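Please read the structure below before turning to the comments.
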Amino acid sequence: MKVSAEFNNRPTKIAPSRIKIMFRHGMFVLRLLGLSLLTVGVSIAPAYAQQSFNELAGSWSGVGSMKPSDGPRERIRCKVNYAVKNEGRSTKMNVRCASDAYKLELTANIDQSGSALSGNWYESQYRQGGKISGRNVNGLIEARIEGDTVAALLTVRTKGNRQSFAMESPGAWVSQVSIDLLRDSR
């Protein structure tokens, strides 16, 4: 294909209306590209942000509150112990809390594959147990615990020697538990 010299040397004029359309399409493409990169970044981030249970290992203690379904919110004292094994991919969690009127004794065995969590739990005072599923990313565990008669959302956030533990279970015998913990001296 032969292109004339006159065409190559002549400046191209683009109509202002065409420039607006090109600009809008260009911005659309940039937004789409940005959204695509954000989506890829978010989907890759958990692979790099995975963490093991190693940061949890040991004993923690603190205070918080517990809201029984049949009474007012009560102050509680708690001890939490994490026994980590399998190179940080599994933990046995023991939670013991007590108020003046109630006791809570929860044991959980949790395994991690990538950032996904799975396992089982049992609360011995009220003889409830079931399954755990969720995620562990960047010091934040978000899990769902389910049993025959109870379902709850559990959030554990760890930063250094501080940990917050929150459980919500509307309609259960204990509808809310909120605890601020400090790592015990080793």
Side-chain angles (χ1 to χ4, degrees), residues 35-67 76-98 103-186:
L35 181 61
S36 298
L37 290 174
L38 178 64
T39 304
V40 169
V42 167
S43 64
I44 290 173
Y48 291 106
Q50 290 176 21
Q51 94 175 34
S52 68
F53 291 119
N54 288 333
E55 288 187 24
L56 303 177
S59 297
W60 302 70
S61 57
V63 295
S65 65
M66 178 169 95
K67 172 71 176 93
I76 55 174
R77 296 162 311 283
C78 299
K79 297 273 298 169
V80 179
N81 188 317
Y82 299 94
V84 176
K85 53 190 174 184
N86 298 334
E87 297 177 358
R89 295 292 171 208
S90 297
T91 189
K92 180 174 183 175
M93 178 175 81
N94 290 305
V95 180
R96 298 184 75 162
C97 296
K103 263 174 94 170
L104 173 99
E105 292 186 21
L106 178 78
T107 301
N109 292 296
I110 307 169
D111 296 315
Q112 180 171 324
S113 176
S115 62
L117 302 177
S118 62
N120 57 62
W121 64 276
Y122 184 73
E123 199 293 318
S124 62
Q125 293 295 308
Y126 296 90
R127 296 186 178 113
Q128 297 282 324
K131 303 280 183 203
I132 296 174
S133 61
R135 299 180 60 80
N136 179 12
V137 177
N138 289 337
L140 176 65
I141 295 173
E142 294 179 309
R144 179 172 175 82
I145 60 174
E146 297 178 281
D148 291 338
T149 61
V150 66
L153 298 176
L154 174 68
T155 303
V156 179
R157 182 179 308 273
T158 304
K159 192 168 188 177
N161 288 332
R162 296 186 178 278
Q163 186 176 91
S164 63
F165 180 100
M167 185 177 77
E168 297 219 2
S169 182
W173 58 272
V174 173
S175 60
Q176 291 180 328
V177 176
S178 177
I179 313 163
D180 289 320
L181 300 161
L182 292 173
R183 186 184 307 269
D184 293 343
S185 300
R186 293 180 184 195

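All values reported here derive from a predicted model rather than from experimental measurement. Starting from 1, each residue takes its place in the sequence as its number.
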| task | Working to the nearest 0.5 Å, report the span between CG of L56 and CZ of R183. | result | 7.5 Å
| What closest approach, in Å, do G62 and L181 show between heavy atoms, and which atom pair accounts for it? | N-CD2, 3.5 Å
| remark: So NZ of K67 and CE of M167: to nearest 0.5 Å the spacing works out to 13.5 Å
| Below 4.5 Å, heavy atoms only, C-beta onward: do I141 and L154 meet side chain to side chain? | no
| task | Decide, yes or no, whether a salt bridge links R96 with E105 under the criterion of side-chain N to carboxylate O below 4.0 Å. | result | yes
| Would you find a donor on one side and an acceptor on the other, under 3.5 Å apart, between the side chain of S169 and the backbone of A151? | yes
| task | Go through the side-chain N and O atoms of S133 and R144 and say whether any donor and acceptor fall under 3.5 Å apart. | result | no
| task | Examine distances only and state if a side-chain atom of R157 and a backbone atom of E142 form a donor-acceptor pair shorter than 3.5 Å. | result | no
| field | D180 and S164: side chain donor to acceptor below 3.5 Å | value | no
| said: To the nearest 0.5 Å, what is the distance between CG on L106 and SG on C97? | reply: 9.0 Å
| field | Side-chain donor-acceptor contact under 3.5 Å, D111 with S90 | value | yes
| field | N136 and its side chain to side chain contact (heavy atoms under 4.5 Å, CB included) partner, picked from Q112, E55, R89 | value | Q112
| Is any side-chain heavy atom of L182 closer than 4.5 Å to a side-chain heavy atom of R162? | yes
| Minimum heavy-atom separation for I132 to N120, with atom names? | CD1-O, 3.7 Å
| Any side-chain donor paired with an acceptor under 3.5 Å for E168 and S175? | no
| said: To the closest 0.5 Å, what do you measure between CH2 (W60) and CZ (F165)? | reply: 12.5 Å
| request: Hey, could you give me the OG/CG distance between S59 and N94, rounded to the nearest 0.5 Å? | output: 9.5 Å
| query | Are L104 and V95 close enough that some pair of their side-chain heavy atoms sits under 4.5 Å apart? | reply | yes
| Looking only at heavy atoms, what is the nearest atom pair of I179 and C78, with distance? | CD1-SG, 3.4 Å
| query | Between V177 and I76, does a side-chain contact (heavy atoms from CB on, under 4.5 Å) hold up when you go through it step by step? | reply | CA-CA 9 Å; V177 176; I76 55 174; 4.0 Å; yes
| field | Note, I110 side chain near F53 side chain (heavy atom, < 4.5 Å) | value | yes
| said: Is any side-chain heavy atom of W121 closer than 4.5 Å to one of Q128? | reply: yes
| query | Under 3.5 Å, is there a donor-acceptor pair between the Q163 and T158 side chains? | reply | yes
| said: Please give me the minimum heavy-atom distance between S115 and V137, naming the atom from each residue. | reply: CB-CG2, 3.6 Å
| message | For a 4.5 angstrom cut-off between non-hydrogen side-chain atoms, does T107 reach K92? | response | yes
